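What follows is a single structure, written as structure tokens, with notes after it.
Bear in mind the structure is a predicted one, so any value in this text is a computation, not a measurement.
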Amino acid sequence: MSDQDFMRRAIALAFEGMRSGAGGPFGSVVVRGGHIIGRGCNRVLADRDPTAHAEMVAIREACRHLNHFQLTGCTIYTSCEPCPMCLGAIFWARPDRLVYACTRSDAAAIDFDDAHIYEQIQLPPAEWRIPSAQTLREEALLAFEEYRRKPDKIHY
């Protein structure tokens with residue numbers, strides 16, 4: 001199958017999720033070795049979960065399929081350029097490729113505008129729109145220190 005064939009699968013999931021009332025018009029598939037191992041549509045409304053974006057759903061399914069936390073050797077196809085959350089998850093998952101159809105501008109044109117998130121990410125925490133505070137850093141650093149010394153840790 002070609003990139004276009006896999007993208008058509010992602011787009012079909014976008015229609016399916018939207019028409020079922022699960023969430024917005026977004027779909028995604030994860031492919032490895034020419035086979036779809038993860039699929040997802042936006043399920044924010046159905047799951048009452050703001051993180052249930054199509055890419056997140058597909059990544060979770062693919063990782064369960066592989067029994068691994070990374071998607072090395074995989075390509076993620078998504079019907080729209082990923083939002084900042086999904087892009088972060090994609091980078092953490094480490095696929096070999098990302099292929100998308102619509103752009104973030106296309107999404108903004110139908111009121112899925114992530115521009116404010118991209119703007120907030122660049123600011124220091126004290127300037128975030130959501131008030132933020134830091135506390136108990138020294139106590140929390142103890143867990144980091146123990147992790148640093150942990151001999152059997154798995155790097156990711």
Please output the side-chain donor-acceptor pairs of residues 82-108 that fall under 3.5 Å, not counting sequence neighbours, one pair per line with the distance.
from: Arg94; atom 1: NH1; to: Trp92; atom 2: O; distance (Å): 3.2
from: Asp96; atom 1: OD1; to: Gly73; atom 2: N; distance (Å): 3.0
from: Asp96; atom 1: OD2; to: Gly73; atom 2: N; distance (Å): 3.4
from: Arg97; atom 1: NH1; to: Asp3; atom 2: OD1; distance (Å): 3.2
from: Arg97; atom 1: NH2; to: Asp3; atom 2: OD2; distance (Å): 2.9
from: Thr103; atom 1: OG1; to: Ser105; atom 2: N; distance (Å): 3.3
from: Thr103; atom 1: OG1; to: Asp106; atom 2: N; distance (Å): 3.1
from: Thr103; atom 1: OG1; to: Asp106; atom 2: OD2; distance (Å): 3.2
from: Arg104; atom 1: NE; to: Glu81; atom 2: OE2; distance (Å): 3.0
from: Arg104; atom 1: NH2; to: Glu81; atom 2: OE2; distance (Å): 3.2
from: Asp106; atom 1: OD2; to: Thr103; atom 2: N; distance (Å): 2.8

To the nearest 0.5 Å, what is the distance between [atom1] ([X]) and [atom2] ([Y])?
{"X": "Leu141", "Y": "Arg148", "atom1": "CG", "atom2": "CZ", "answer": "11.0 Å"}
{"X": "Phe6", "Y": "Ile36", "atom1": "CZ", "atom2": "CD1", "answer": "6.0 Å"}
{"X": "Ile121", "Y": "His116", "atom1": "CD1", "atom2": "NE2", "answer": "9.5 Å"}
{"X": "Ile11", "Y": "Ser28", "atom1": "CD1", "atom2": "OG", "answer": "11.5 Å"}
{"X": "Glu127", "Y": "Ser132", "atom1": "CD", "atom2": "OG", "answer": "11.5 Å"}
{"X": "Glu16", "Y": "Arg9", "atom1": "CD", "atom2": "CZ", "answer": "11.5 Å"}

In the single-linkage hydrophobic clustering (I, L, V, M, F, W, Y; side-chain heavy atoms under 4.5 Å), do [X] and [Y] co-cluster?
{"X": "Leu13", "Y": "Tyr77", "result": "yes"}
{"X": "Ile59", "Y": "Leu66", "result": "yes"}
{"X": "Ile76", "Y": "Met7", "result": "no"}

Query raised in the report: Is Glu146 salt-bridged to Lys150, cutoff N-O under 4.0 Å?
Result: no
Nearest heavy-atom neighbours spanning [X] and [Y]:
{"X": "Val30", "Y": "Ala58", "result": "CG2-O, 3.8 Å"}
{"X": "Asn42", "Y": "Gly24", "result": "OD1-N, 3.3 Å"}
{"X": "Ala14", "Y": "Gly27", "result": "CB-N, 3.5 Å"}

Requested in this report: Any chance you could lay out the side-chain contact (heavy atoms from CB on, under 4.5 Å) test for Glu61 and Ile37, step after step, and finish with the verdict?
Outcome: CA-CA 7 Å; Glu61 183 176 294; Ile37 60 167; over 6 Å; no
Verify the neighbour count for atom [atom1] of [X]: are there more than 12 heavy atoms of other residues, nucleotides or ligands below 6.0 Å?
{"X": "Arg60", "atom1": "CZ", "result": "yes"}
{"X": "Tyr156", "atom1": "OH", "result": "no"}
{"X": "Asp152", "atom1": "CG", "result": "yes"}
{"X": "Phe15", "atom1": "CZ", "result": "no"}

Requested in this report: Look at the side chain of His68 and the backbone N and O of His65, then say whether any donor-acceptor pair between them is shorter than 3.5 Å.
Outcome: no
Query - Non-hydrogen side-chain atoms of Lys153 and Tyr147 separated by less than 4.5 Å - result: yes
